[in-house]
Amino acid sequence: MKNVKSKICFVIPYFGNFKEYFQLFLNSCQANKDINWLIVTDNNDDYNFPKNVKKIDMTFGDLRKKIQNKFEFEIPLSKPYKLCDFKVTYGYIFEDELKGYDFWGYCDTDIIFGNIKRFITEEVLQKYDKIGYLGHFTLIKNTFELNRAFMLPLNGKEIYREILSSDENYSFDEEFNSSINNIFLEHNYRIFTDMNEAGLYTKTSNFKLTKMNFSSYTYEVEKLKRAFFVYEDGSLFRYVESKNKIEKSEYLYIHFQSRPMKVDISLDSKRYKIIPNSFDRLEVYPITVDNFNSIQRKHFNMHYFKLRSHNLVDKIQKYVRVKLNGKS
């Protein structure tokens, strides 16, 4: 096992503007130098792409043609957001680009990686066919068979045809609601789910972690803690103060989802603090019980209220459309 070193490549088609903290995402990729990323994009903004992140310039229309060439039925794919359902196909779509890799994967760019190999060890890679169950971080063994696993039937039905030929979003890439995970489980492939990711709950202005309960396939949200995250030269930690003690926990990555994050640090910072909703300079280090309260743990932000307002407007618009269609 000591001499085994699996080669990994994540594939990220992305079109339009990247998040404000995209360079920090790239920096966290760079720290995982044994892993590669392939970013397919039409974005020409000036970023410092590290050696292990290859950028392929491609329009959304050209990617759509590339995908269509791999299927005999019509692929509408009218908007980039629909690519979420196509993530599971990237091992098949980008088969030529992924030659020589042991695993390929898909992930999002609204995350900051910690030390990936600390959690996704060679032992895990050798034992499992699929690493992860969420759309923002998944790895699949790079074999002819598993690259086409999305085509396998679920409960006797080839659901991929319906999903890929529709413009609706099915969340085919994640969770356990008629997704790629259900297909893998039905066909006795092994899925590693102990990811230790820091998934942020969206419906609060604070940072609260949410995790799936695999006995019920529902998400559980932790109680609010006196805590903050720190990126430390390639590793991601959360410091929690409780009962006059400091608990330091390491994470695979932090996922921001729909949160806008302000960047108040130099883009080449090796150590910085991550709090709602900002990347900030860490006031003191090392962190102790005595100096914990001197560290700001949150900026005032309107995330929750903006989210509720957006959802309310969306509901009103849907209601109006239903009423208008009913009258016609």
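All heavy atoms count here, side chains included; hydrogens, waters and symmetry mates do not.
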*Would Asn27 and Gln23 count as having a side-chain donor-acceptor pair, cut-off 3.5 Å?*
yes
*Within 45° cone of Tyr239 ring axis and under 6.0 Å: Lys248 NZ or CZ*: no
*Between the side chains of His299 and Asp280, does any donor sit under 3.5 Å from an acceptor?*
yes
*Short side-chain to backbone donor-acceptor contact, Gln68 and Ile75, under 3.5 Å*: yes
*So, the side chain of Ser278 versus the backbone of Met261: is there a donor-acceptor pair under 3.5 Å, distance only?*
no
*Heavy atoms, side chains only, cut-off 4.5 Å: are Ile12 and Cys107 in contact?*
yes
*Is Leu24 linked to Ile39 within one hydrophobic cluster, defined over Ile, Leu, Val, Met, Phe, Trp and Tyr using a side-chain heavy-atom separation of less than 4.5 Å?*
no
*How about Tyr133 and Phe214: are their ring centroids closer than 6.0 Å?*
yes
*With sequence neighbours left out, what residues match Phe71 under ring-ring contact (aromatic ring centres under 6.0 Å, His included)?*
Phe73, Tyr92
*asked:* Would you say CG of Asn177 has more than 12 non-hydrogen atoms from neighbouring residues, nucleotides or ligands within 6.0 angstrom?
replied: no
*Is there any side chain to side chain donor-acceptor pair (under 3.5 Å) pair reaching into residues 147-160, and which pairs are they, with sequence neighbours excluded?*
Glu95-Arg148, Trp104-Asn147, Asn142-Asn147, Lys157-Glu162, Glu158-Arg161
*Taking Lys82 for the side chain and Glu168 for the main chain, is one N or O donor matched with an acceptor at less than 3.5 Å?*
yes
*Could you please spell out the steps behind the ring-ring contact (aromatic ring centres under 6.0 Å, His included) verdict for Tyr251 and Phe229?*
CA-CA 10 Å; Tyr251 289 87; Phe229 287 89; 5.8 Å; yes
*Between the side chain of Tyr14 and the main-chain N/O of Asn17, is any donor-acceptor distance below 3.5 Å?*
yes
*Please report the closest heavy-atom contact between Leu125 and Ser6, naming both atoms and the distance.*
CD1-CB, 3.8 Å
*Indicate yes or no for a side-chain donor-acceptor contact from Asn196 to the backbone of Glu250 under 3.5 Å, with no hydrogens or angles considered.*
yes
_Minimum heavy-atom distance between Cys29 and Asn52, given as atom pair plus value_ = O-ND2, 2.9 Å
*For Asn291 and Pro286, indicate whether the former's side chain and the latter's backbone hold a donor-acceptor pair under 3.5 Å.*
yes
_Validation row, ring centre Phe94 to ring centre Tyr106 under 6.0 Å_ = no
*Can you list the steps and then say if Ile180 with Thr138 is a side chain to side chain contact (heavy atoms under 4.5 Å, CB included)?*
CA-CA 11 Å; Ile180 187 65; Thr138 285; over 6 Å; no
*asked:* Is it the case that the side chain of Glu20 and the backbone of Val263 share a donor-acceptor pair, with hydrogens and angles ignored and the cut-off at 3.5 Å?
replied: no
*Assess the side chains of Thr59 and Asp62: does a donor N or O sit below 3.5 Å from an acceptor N or O?*
yes
*Side-chain contact, heavy-atom cut-off 4.5 Å: Lys117 with Glu122?*
yes
*Think Arg226 forms a cation-pi with Phe292, using NZ or CZ under 6.0 Å from the six-ring centre and within 45 degrees of its axis?*
no
*Ring centres of Phe25 and Phe18 under 6.0 Å apart?*
no
*Do Val11 and Glu97 have side chains that get closer than 4.5 Å, going by heavy atoms?*
no
_Side-chain donor-acceptor contact under 3.5 Å, Lys298 with Asn206_ = yes
_pair Ile275-Ile295: side-chain heavy atoms closer than 4.5 Å_ = no
*Ring-ring centroid check Phe137 His255, cutoff 6.0 Å*: no
_Below 30° counts as parallel, above 60° as perpendicular, anything between as tilted: where do the rings of Tyr272 and Phe279 land?_
perpendicular
*Lys54, Met58, Lys55, Lys66 screened by side-chain contact (heavy atoms from CB on, under 4.5 Å) with Val40, the one that passes*: Met58
*Heavy-atom distance under 4.5 Å between the side chains of Lys19 and Phe256, does that happen here?*
no
*Is it true that the side chains of Asp268 and Ser266 contain a donor and an acceptor less than 3.5 Å apart?*
yes
_Single-linkage hydrophobic cluster, 4.5 Å side-chain cutoff, Tyr189 and Leu139 together_ = yes
_Membership question, hydrophobic clusters at under 4.5 Å side-chain separation (ILVMFWY): are Tyr128 and Leu252 in the same one?_
yes
_On a heavy-atom basis, which atom in Ser78 and which in Asp167 lie closest, and how many Å separate them?_
OG-OD2, 2.5 Å
*Please report the C-alpha distance between Leu236 and Ile274 in whole Å, then the side-chain angles of each, then the deciding distance to 0.1 Å, and finally whether the side chain to side chain contact (heavy atoms under 4.5 Å, CB included) criterion is met.*
CA-CA 10 Å; Leu236 178 69; Ile274 307 174; 4.0 Å; yes
*I would like to know whether Leu209 and Leu200 meet side chain to side chain contact (heavy atoms under 4.5 Å, CB included); could you show each step before the answer?*
CA-CA 5 Å; Leu209 301 190; Leu200 298 180; 3.7 Å; yes
*If you count the non-hydrogen atoms of other residues, nucleotides and ligands that lie under 6.0 Å from NZ in Lys65, is the total more than 12?*
no
*Would a distance-only check, ignoring hydrogens and angles, find a side-chain to backbone donor-acceptor pair under 3.5 Å from Asp85 to Ser171?*
yes
_Asp173 side chain reached by Phe86 side chain, heavy atoms, under 4.5 Å_ = no
*asked:* Please give me the minimum heavy-atom distance between Gly135 and Lys87, naming the atom from each residue.
replied: O-NZ, 2.9 Å
*Run the side-chain hydrogen bond (donor to acceptor under 3.5 Å, both in side chains) check on Ser215 and Asn213 step by step: do they pass?*
CA-CA 6 Å; Ser215 62; Asn213 181 327; 2.5 Å; yes
*If you measure only the distance, is there a donor-acceptor pair under 3.5 Å linking the side chains of Tyr219 and Glu175?*
yes
*Among the clusters formed by ILVMFWY side chains lying less than 4.5 Å apart, do Phe49 and Phe113 turn up in the same one?*
yes
_Salt-bridge present (Glu247, Arg238; N to O < 4.0 Å)_ = no
*Please assess Gln296 against Lys273 for the test side chain to side chain contact (heavy atoms under 4.5 Å, CB included), listing each intermediate value before the final yes or no.*
CA-CA 9 Å; Gln296 185 176 6; Lys273 178 178 63 175; 3.9 Å; yes
*Are Asn43 and Thr41 linked by a side-chain donor-acceptor pair shorter than 3.5 Å?*
no
*Check whether any side-chain heavy atom of Ile287 sits under 4.5 Å from a side-chain heavy atom of Glu283, and report yes or no.*
no
*Please, which pairs that meet salt bridge (Lys or Arg N to Asp or Glu O under 4.0 Å) have at least one residue in residues 21-44, sequence neighbours excluded?*
Lys5-Asp34
*Do Asp102 side-chain atoms and Lys7 backbone N/O form a donor-acceptor pair below 3.5 Å?*
yes
*Please answer whether the main-chain N or O of Gly114 pairs with a side-chain N or O of Asn32 as donor and acceptor at a distance below 3.5 Å.*
yes
*Can you name the nearest heavy-atom pair linking Ser178 to Ile159, along with the distance?*
O-CD1, 3.6 Å
*Ring centres of Phe150 and Phe172 under 6.0 Å apart?*
no
*Indicate the atoms forming the closest heavy-atom contact of Tyr21 with Thr109, along with that distance.*
CE1-O, 3.9 Å
*Is there side-chain contact between Leu83 and Ile67, with heavy atoms separated by less than 4.5 Å?*
yes
